[in-house]
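Take a look at the structure below.
Note on naming: letters A, B, ... go to the chains in the order of the sequence lines (proteins, then strands), and numbering restarts at 1 for each one.
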2 protein chains.
Amino acid sequence: MKNAIQELRKQRRMTQEELADLCSVTRQTIISLENGRYNPSILLAHKIAKIFGLTIEQIFFFEEE
Amino acid sequence: MKNAIQELRKQRRMTQEELADLCSVTRQTIISLENGRYNPSILLAHKIAKIFGLTIEQIFFFEEE
DNA sequence: ATTCAATGTCAAGGGTACTTTACGCGGTGC
DNA sequence: GCACCGCGTAAAGTACCCTTGACATTGAAT
């Protein structure tokens with residue numbers, strides 16, 4: 001599952017740490033998400049979507065399975 | 001986190017087992033989701049949304065935190 | 001009365017999301 | 001040269017999603 005987190009974060013001139021603080025997770029978690037190491041929980045996905053003012057579907061890309 | 005799974009499933013006259021099969025998960029997983037025992041992964045949330053033809057946000061209700 | 005479908009509970013186990021801590025590395029600025 | 005910022009890696013631990021399997025309950029149909 002890919003996502004647009006890094007792109008959206010940079011558009012908003014945010015560091016990984018700032019985004020992590022807004023989400024109440026660690027910087028490691030943001031790094032791992034941006035680098036596609038794992039999928040977020042639905043709660044974290046929702047927090048991120050809320051921060052960016054978008055829906056989950058607009059940020060996370062579920063390829064055909 | 002609450003959700004509308006049971007309501008949507010019943011509207012469509014589906015059993016828990018049928019929905020579980022469509023999602024490729026076990027019946028236990030559907031029971032636990034419907035009864036609010038835990039939150040789905042984002043992948044499962046997406047599968048369910050796709051089956052019902054809705055978005056994740058239309059099915060899962062993230063209360064203010 | 002018995003059977004069967006649909007729903008539910010309980011417990012144990014594996015995989016993974018997320019944390020914490022520590023360290024490396026390139027770029028920029030003094 | 002040195003300090004610092006932003007980004008990255010690695011390893012170990014905790015919590016939780018999801019599975020498997022076995023069994024209980026309720027309601028409808030025969």
Let's see if you get this right: which residues in residues 20-34 of chain A place a heavy atom under 4.0 Å from DNA chain C?
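Here the set is S24(A), V25(A), T26(A), Q28(A), T29(A).
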For T29(A) and S32(A), does a side-chain donor sit closer than 3.5 Å to a side-chain acceptor?
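No, no side-chain donor-acceptor contact under 3.5 Å.
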Looking at every heavy atom in both I56(A) and A49(A), which two are closest together, and how far apart are they?
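Looks like N-CB, 3.8 Å.
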Given side chains that start at C-beta, do those of [X] and [Y] come closer than 4.5 Å, heavy atoms only?
X      : Y      : answer
N39(B) : F60(B) : no
M1(B)  : P40(B) : yes
H46(B) : I42(B) : no
I31(B) : Q28(B) : yes

With a 4.0 angstrom cut-off to heavy atoms of chain B, pull out the first and last contacting nucleotide of DNA chain C, in 5'-to-3' order.
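Under 4.0 Å from chain B, the extent on DNA chain C is dA6(C) to dC10(C).
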Examine distances only and state if a side-chain atom of [X] and a backbone atom of [Y] form a donor-acceptor pair shorter than 3.5 Å.
X      : Y      : result
Q58(B) : T55(B) : yes
E18(A) : T15(A) : yes
N3(B)  : L33(B) : yes
R9(B)  : M14(B) : yes

For chain B, the stretch of DNA chain D it reaches, first to last nucleotide, under 4.0 Å of its heavy atoms:
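Here the contact window of chain B covers dC17(D) to dA22(D).
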